[in-house]
Amino acid sequence: MSFAHENRGEAHAQSDHAPFDGHYVIHLSENARSRSAGRREPGYFDSLVIELFDKAGLQVGLVDQMPWKRQLEEADHESGHVIYPMTRSQDRENSFKWVGPVSRTIWNLYGFAMHGWAERGFSNILEDARIGVLMGSARETYLRARGAQRLVIVPREELLLPMMRADRVDLIAIGGNVLRYYIDQANDEARGEDLPEIDGVVPYRSCYLYIAISGDVPDDDISGLQRQLDLFKTDGFFVENRRSHGLSANPENGFIRAMLDLGNNGLGCIDLSGLDE
């Protein structure tokens, strides 16, 4: 669903936010652990957002990564918090102003292939499976709304794979790239004894990801940031930034084509299991 023309002239639901003081607070997504482990996406997003605000001429401060739920709590009370990459879903639309998209993801439930969850229907999985999911994430909100009966909430996503290995959950709701990193890490630590095969059990949602900005910040700032991001996509910086962080940059790749297509500005999520948002 596209949100590009919704709520354009309406007040956002931000009455509890402290007044905006002209300074934006960028919540970094990369930390020392991800740098030392070679995770590429956090550094890519940070460099993109920092350069974007710099080119737009806006005043910013940087804060270290913190738990996702805490970021959302701060953004709920203070204006100018910059959080990314965030799923642009209907329940969040009026809580933030949006710049993007900056990425896209297919939501999948992952589990050990030997357990056969892929043979079950999505409705049966929601009813029967213990599903591990990050606290405060869009995946948690969505799975609850779809009727998941046995959600197991964790404060940090790195706990999901260990919980599945310990048989405390049957499936985990996590991004594919992030999961691959944790699988590689677990296999390295196992010293030759690799994990059992892990399958994507069911792809259930396709979502575009955005830079989300809290509170009643000036619309002119948001428009300027969007124009600058669009320029990054047409002048080559967007693709070059991905390449410099070791991420896919092939212009023939479907993901890259989707990112560079400015007609996708404003797109949110599409449910792959029968209900479009």
Side-chain angles (χ1 to χ4, degrees), residues 29-45 64-72 85-87 103-207 209 246-248 272-273:
S29 63
E30 186 177 44
N31 56 31
R33 182 171 54 211
S34 63
R35 283 193 299 271
S36 63
R39 285 188 62 189
R40 298 167 180 173
E41 290 88 352
Y44 151 72
F45 283 120
D64 291 336
Q65 187 191 56
M66 61 181 66
W68 185 253
K69 185 174 179 62
R70 182 180 167 195
Q71 291 185 66
L72 295 180
M86 184 176 291
T87 303
S103 191
R104 185 182 66 175
T105 184
I106 303 296
W107 289 8
N108 215 320
L109 295 175
Y110 294 92
F112 291 121
M114 59 187 177
H115 292 157
W117 284 102
E119 301 169 8
R120 310 279 293 272
F122 187 53
S123 295
N124 289 333
I125 288 173
L126 292 179
E127 183 174 346
D128 298 334
R130 299 168 297 169
I131 301 173
V133 64
L134 178 65
M135 179 188 299
S137 66
R139 288 175 172 85
E140 179 196 355
T141 301
Y142 175 80
L143 290 169
R144 286 192 186 280
R146 290 302 304 270
Q149 298 296 306
R150 304 177 69 190
L151 290 183
V152 179
I153 311 303
V154 301
R156 303 187 309 279
E157 66 184 0
E158 61 263 32
L159 298 175
L160 290 171
L161 181 57
M163 289 184 68
M164 190 166 70
R165 295 179 69 185
D167 195 32
R168 295 177 61 187
V169 298
D170 302 304
L171 303 171
I172 54 178
I174 191 173
N177 289 336
V178 176
L179 178 59
R180 280 190 289 273
Y181 161 73
Y182 291 130
I183 290 173
D184 290 344
Q185 185 182 56
N187 285 335
D188 288 343
E189 293 172 355
R191 299 179 181 177
E193 186 178 345
D194 288 353
L195 290 175
E197 181 183 356
I198 294 177
D199 274 348
V201 171
V202 54
Y204 59 97
R205 215 173 194 213
S206 172
C207 287
L209 307 180
L247 298 172
S248 59
L272 303 179
S273 61

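Position 1 is the first residue of the sequence; numbering continues from there.
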Would the distance check show the side chain of E140 and the main-chain N or O of I153 forming a donor-acceptor pair, the cut-off being under 3.5 Å?
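Checked: no pair found.
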
Do [X] and [Y] have side chains that get closer than 4.5 Å, going by heavy atoms?
{"X": "R139", "Y": "T87", "answer": "no"}
{"X": "L195", "Y": "M164", "answer": "no"}
{"X": "L247", "Y": "E41", "answer": "yes"}
{"X": "T141", "Y": "S137", "answer": "no"}

For [X] and [Y], work out which heavy atoms get closest and say how close.
{"X": "R168", "Y": "V152", "result": "O-CG2, 4.3 Å"}
{"X": "A173", "Y": "L160", "result": "O-CD1, 3.9 Å"}
{"X": "P85", "Y": "W68", "result": "O-CH2, 3.9 Å"}
{"X": "A129", "Y": "L171", "result": "CB-CD1, 3.8 Å"}
{"X": "E127", "Y": "R150", "result": "O-CD, 4.1 Å"}
{"X": "I174", "Y": "E157", "result": "CD1-O, 4.3 Å"}

Rounded to the nearest 0.5 Å, what separates atom [atom1] in [X] from atom [atom2] in [Y]?
{"X": "Q65", "Y": "R70", "atom1": "CD", "atom2": "CZ", "value": "11.5 Å"}
{"X": "L179", "Y": "L161", "atom1": "CG", "atom2": "CG", "value": "6.5 Å"}
{"X": "L151", "Y": "L126", "atom1": "CG", "atom2": "CG", "value": "8.5 Å"}
{"X": "R156", "Y": "M135", "atom1": "CZ", "atom2": "CE", "value": "10.5 Å"}
{"X": "L272", "Y": "Y204", "atom1": "CG", "atom2": "OH", "value": "10.0 Å"}
{"X": "L134", "Y": "E158", "atom1": "CG", "atom2": "CD", "value": "9.0 Å"}

The test is side chain to side chain contact (heavy atoms under 4.5 Å, CB included); show your working for D170 and I131 and say whether it passes.
CA-CA 6 Å; D170 302 304; I131 301 173; over 6 Å; no

Could you pull out all residues at least two apart from R165 that satisfy salt bridge (charged side-chain N to carboxylate O under 4.0 Å, His left out)?
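Salt bridge (charged side-chain N to carboxylate O under 4.0 Å, His left out) check on R165 returns nothing, list empty.
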
Indicate every side-chain donor-acceptor pair of residues 104-124 with a distance under 3.5 Å to a residue at least two apart or in another chain.
from	atom 1	to	atom 2	distance (Å)
N108	OD1	V201	N	3.4
N108	OD1	V202	N	3.1
R120	NH2	D128	OD2	2.6

